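Below, chains carry the letters A, B, ... as their sequence lines are ordered, and counting in each starts from 1. This structure is a prediction, so every number in the text was calculated from the model and none was measured.
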Amino acid sequence: MAKTLFDKIWDRHVIKQIDGGPSVLYIDEHFIHEVTSPQAFAGLNKRGIKVFRPKQTVATADHNVPTLNQHLPIKEELSRRQVEALKKNCAEHGVELYGLGHPFQGIVHVIGPELGITQPGITIVCGDSHTSTHGAFGAIAFGIGTSEVEMVLATQCVLQTRPKLMRINVDGELQNGVVSKDIILYIISQISASGATGYFVEYAGSAIRSLSMEARMTICNMSIEMGARGGMIAPDETTFNYLRGRKFVPQGAEWEKKLAEWKQLYSDGDAIFDKEIFINAADIEPMITYGTNPGMGVGVSGHVPSLGEINEKEKASFEKSLNYMGLQPGVNMKGKKVDYVFIGSCTNSRIEDLRMVAGFVKGKKKANDVQVWVVPGSKQVEKQAIEEGIDKIFEEAGFQLRQPGCSACLGMNEDKIPAGKYCISTSNRNFEGRQGPSARTFLASPLTAALAAITGEVGDVREYVKPSRDKAQEVLSEN
Amino acid sequence: MGTVGFRSTVVPLNIENVDTDQIIPARFLKATSREGFGKNLFRDWRYSNDDEKQPKPDFVLNEPAYSGRILVAAKNFGCGSSREHAAWAIKDAGFDVVVSSFFADIFKNNALNNFLLPVQVSEDFLKKIFEAVQRDAKAEVEINLEEQNIKIIPTGEQEAFEINAYKKTCLLNGYDDIDYLLSIKPEIEEFEHHYE
């Protein structure tokens, strides 16, 4: 029988199916961080049990770590205690920790792939909804709650109901200046913040195939923002080339064996999805959000919907959202002033993101009244950026290159956007208060954020990029 | 839940897409225990300038007319972050049931794992609950888990809701998933033995 990519992986991992209930799903890799794990370890301790398979869990500290002076003790007491609890729990249970100061430390969804822990065909969970990121490698990866973290620590399994399957096909060529972040923001704007709830999504089509691994991760990362439990992309040569030689990827004969297995991971030609969506890549513009959920986005040349464009039932929520954002219905997004620019988060903090921004801003200066924070996703990304001289480009532009962590994506550390201020952000959520109480977020791609850093306002990056048939990311640095 | 069925007045939160950052903002996720999150439930909707002395009078949790063990919210409740703290905060604030026409997946699992019952009803029935409460803030709703039924007491209107049989048994008997998984550990080890 024809199988989808999802089926092929899921079926191999189901230990049993409970009558009238969920499946017992075996988990290959488990990532943990300081915020959603302490209560899970407390649960194990209360039951008097140890982590069942400690070698299949990896920990890092990312959510509330400071992004300046990481060599000093964390000032904020509660954050410090949480990070210390993680250290203690990992030591007691024999779990590997890439904590502050470790050369592998970073955002959990950045370090998994860069270390090669994330591989095709496996199941991955983490107490974080953006675990969907790892699906870019053709893995089943999804976020879980703390009780489920405890289940995985205790038994290496979770109970899951098989989700419905959706395939989103993006075919054709992207316009210049349109990057993977725009693709996913466009998809969410089309199907809404709940349009994929109950589904696991496979992204397919020529425009998806043409993307680098890091660009694919950006797309899978935001699957949760349309309600999907996870997103995935069938592995191909791009995937294998990315993985070859990474720290935890097998070598030699074992690599060849894995490669042969991985090449079988695709949806069969006649596999059936519960829902299928088709998108023309050429229709996608650089995107920007105007509201307080990621589905409230438009092309940068577009405008905030007018009241007439909103259906009656949704008017109250729409008006509440615009009121929070300090925006009027019907206004153009182009020209909106910004106060802060945040380039970072598990969505867009990888080396290609930093290169893309550096390529655009080289030789330019930030607008006077704008603060620009660039927060690399990991110590390895930071190191690479410095080796390539990207740090110098940022310094000359007046950008602040900080140290790795989740930072202003969710403002759990000191990196908060002040009340009422506008931040154009490469992160994944524009919820009320997400970047700080009463902070206002415009989600966008690293390129659109870089342009705003220079001009101080929302603009259309297509006016600044060199026409190039193949590389949407090739940017004119001297415009 | 601990109880097969009960009646309660409800707290109506007629807002769509309530995300877990609203339910419990990230800056309150720094505890290492599960207790005490209730006081920060909907923190930024409840207080101006993060100040408990400045409650926002128009937010429903600050309106003395509304109370009860049932929170009723508009569609796509619990979207966004996987933080289980959202379920802990709702439970800690005294709710045993959340009613909505649509729940985000991770929130639904988290709620069930904390004996907080998510009851999914039709858009139409949800509207009827909001209308009943608008007419009378003391209108009661009855939840019967055993029979999988929800009823608006003043109007007598009712609807069936779904829950998988396994979870229903867990809730009715106070079992949790970890107890279950630990009980099948030999099967898990057997699976690992044949798995590479």
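- A salt bridge does not link B:D44 to A:R434: none of the charged side-chain nitrogens sits closer than 4.0 Å to a carboxylate oxygen.
- Between A:P437 and B:R27 there is a side-chain heavy-atom pair separated by less than 4.5 Å.
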Q) Would A:R47 and B:D179 count as a side chain to side chain contact (heavy atoms under 4.5 Å, CB included) if you check the C-alpha gap in whole Å, the side-chain angles of each, and the deciding distance to 0.1 Å? A) CA-CA 10 Å; A:R47 289 170 200 264; B:D179 297 330; 2.8 Å; yes
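- Of the N and O atoms on the side chains of A:T155 and B:K185, not one donor lies less than 3.5 Å from an acceptor on the other residue.
- Of the two parts of A:V24, only the side chain, counted from C-beta on, holds a non-hydrogen atom closer than 4.5 Å to a non-hydrogen atom of chain B.
- Of the two parts of A:I15, the backbone and the side chain both hold a non-hydrogen atom closer than 4.5 Å to a non-hydrogen atom of chain B.
- Contact count versus chain A (heavy atoms, under 4.5 Å) is highest, among B:A87, B:A86, B:P25, B:G80, for B:G80.
- Contact of B:K75 with chain A is made through the side chain alone, with heavy-atom distances under 4.5 Å.
- Interface residue B:T32: backbone and side-chain heavy atoms are both found under 4.5 Å from chain A.
- Atom NZ of A:K50 sits in a crowded spot, with more than 12 heavy atoms from other residues, nucleotides or ligands closer than 6.0 Å.
- Here the shortest heavy-atom pairing between B:Y166 and A:G21 reads CB-CA, 3.8 Å.
- The contact between A:A85 and chain B is made entirely by side chain atoms (from C-beta outward), counting heavy-atom distances below 4.5 Å.
- Using a 4.5 Å cut-off between heavy atoms, B:N14 does not touch chain A at all.
- When heavy atoms are compared at a cutoff of 4.5 Å, B:D177 approaches chain A by way of both its backbone and its side chain.
- Taking 4.5 Å as the limit, some side-chain heavy atom of B:N109 sits within range of a side-chain heavy atom of A:Q160.
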Q) What's the verdict on side chain to side chain contact (heavy atoms under 4.5 Å, CB included) for A:Y26 and B:E192, showing C-alpha distance, side-chain angles and the deciding distance? A) CA-CA 9 Å; A:Y26 189 76; B:E192 282 181 322; 2.5 Å; yes
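- For A:V152, no part sits under 4.5 Å from any heavy atom of chain B, backbone or side chain.
- In this structure, chain B has a heavy atom under 4.5 Å from the side chain of A:I49, while its backbone stays farther away.
- The residue among A:A419, A:P38, A:S129, A:A193 with the most heavy atom pairs within less than 4.5 Å of chain B is A:S129.
- Only the side chain of B:I184 comes within contact range of chain A, with at least one heavy atom under 4.5 Å from a heavy atom of that chain.
- Rounded to the nearest 0.5 Å, atoms CH2 (B:W45) and CD (A:E432) are 5.5 Å apart.
- Side chains of A:T197 and B:N76 form a contact here, defined as non-hydrogen atoms less than 4.5 Å apart.
- Residue A:D19 places its CG atom among 12 or fewer non-hydrogen atoms of other residues, nucleotides or ligands, all under 6.0 Å distant.
- Contact of A:S147 with chain B is made through backbone and side chain together, with heavy-atom distances under 4.5 Å.
- When all heavy atoms of A:Y199 and B:D105 are compared, the pair lying nearest together is N-OD2, 4.5 Å.
- Within the 4.5 angstrom heavy-atom criterion, only side-chain atoms of A:E76, from C-beta onward, approach chain B.
- Neither the backbone nor the side chain of B:E35 comes within contact range of chain A; no heavy atom of the residue lies under 4.5 Å from a heavy atom of that chain.
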Q | salt bridge (charged side-chain N to carboxylate O under 4.0 Å, His left out) between A:K416 and B:D50, worked out | A | CA-CA 14 Å; A:K416 293 181 175 66; B:D50 201 7; over 6 Å; no
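- Among B:A104, B:A31, B:C79, the residue making the largest number of heavy-atom pairs under 4.5 Å with chain A is B:A31.
- Atoms CZ and CD1, from A:R53 and B:I188 in turn, are 9.5 Å apart once rounded to the nearest 0.5 Å.
- There is no contact between A:F41 and chain B, counting heavy-atom distances below 4.5 Å.
- The number of heavy atoms from other shown groups lying within 6.0 Å of NZ (A:K75) does not exceed 12.
- With respect to chain B, the highest number of heavy-atom pairs below 4.5 Å among A:N413, A:T161, A:T292, A:D128 belongs to A:D128.
- Atoms OG1 and CZ, on B:T20 and A:F431 in that order, are 6.5 Å from each other to the nearest 0.5 Å.
- Both the backbone and the side chain of A:K313 come within less than 4.5 Å of a heavy atom in chain B.
- In this structure, B:Y195 and A:H13 have perpendicular ring planes: the angle between them is above 60°, well past the 30° mark.
- For B:F28, no part lies near chain A; criterion is any non-hydrogen pair under 4.5 Å.
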Q: Give the C-alpha distance, both sets of side-chain angles, the deciding distance and a yes or no for salt bridge (charged side-chain N to carboxylate O under 4.0 Å, His left out) between A:K320 and B:E16.
A: CA-CA 10 Å; A:K320 179 179 187 298; B:E16 292 180 356; over 6 Å; no
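- Most heavy-atom pairs under 4.5 Å with chain B: of the set A:L159, A:N428, A:L78, this distinction falls to A:L159.
- Heavy-atom neighbours of B:K127 NZ from other residues, nucleotides or ligands within 6.0 Å: at or below the threshold of 12.
- Chosen from A:C157, A:P163, A:G227, the residue pairing most often with chain B at heavy-atom distances under 4.5 Å is A:C157.
- Looking at B:N113, both its backbone and its side chain come within 4.5 Å of chain A, counting heavy atoms on both sides.
- The environment of B:Q134 atom CD is sparse: at most 12 non-hydrogen atoms of other residues, nucleotides or ligands sit within 6.0 angstrom.
- Annotation: B:E52, atom CD; neighbour count of heavy atoms from other residues, nucleotides and ligands within 6.0 Å is above 12.
- Highest contact tally toward chain B, considering only A:G198, A:P294, A:A42, is held by A:G198 [criterion: heavy-atom pairs under 4.5 Å].
- Put simply, of B:N49, B:L181, B:L29, the one with the most heavy-atom pairs under 4.5 Å next to chain A is B:L181.
- The 12-atom threshold is not exceeded at OH of B:Y175, counting heavy atoms of other residues, nucleotides or ligands nearer than 6.0 Å.
- The structure places CD1 of B:I178 at 7.5 Å from CG of A:L44, a figure rounded to the nearest 0.5 Å.
- Of the atoms belonging to B:F102, it is side-chain heavy atoms, and not backbone ones, that fall under 4.5 Å from chain A.
- Using a 4.5 Å cut-off on side-chain heavy atoms (C-beta onward), A:R429 and B:S81 make contact.
- No side-chain donor-acceptor contact under 3.5 Å links B:K30 to the backbone of A:R81.
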Q: Go through the steps for A:T36 and B:H85 under the test side chain to side chain contact (heavy atoms under 4.5 Å, CB included), then give the verdict.
A: CA-CA 9 Å; A:T36 59; B:H85 313 65; 4.1 Å; yes
**Q.** Check against side chain to side chain contact (heavy atoms under 4.5 Å, CB included), B:I106 and A:I224
**A.** CA-CA 10 Å; B:I106 304 180; A:I224 183 72; 3.9 Å; yes
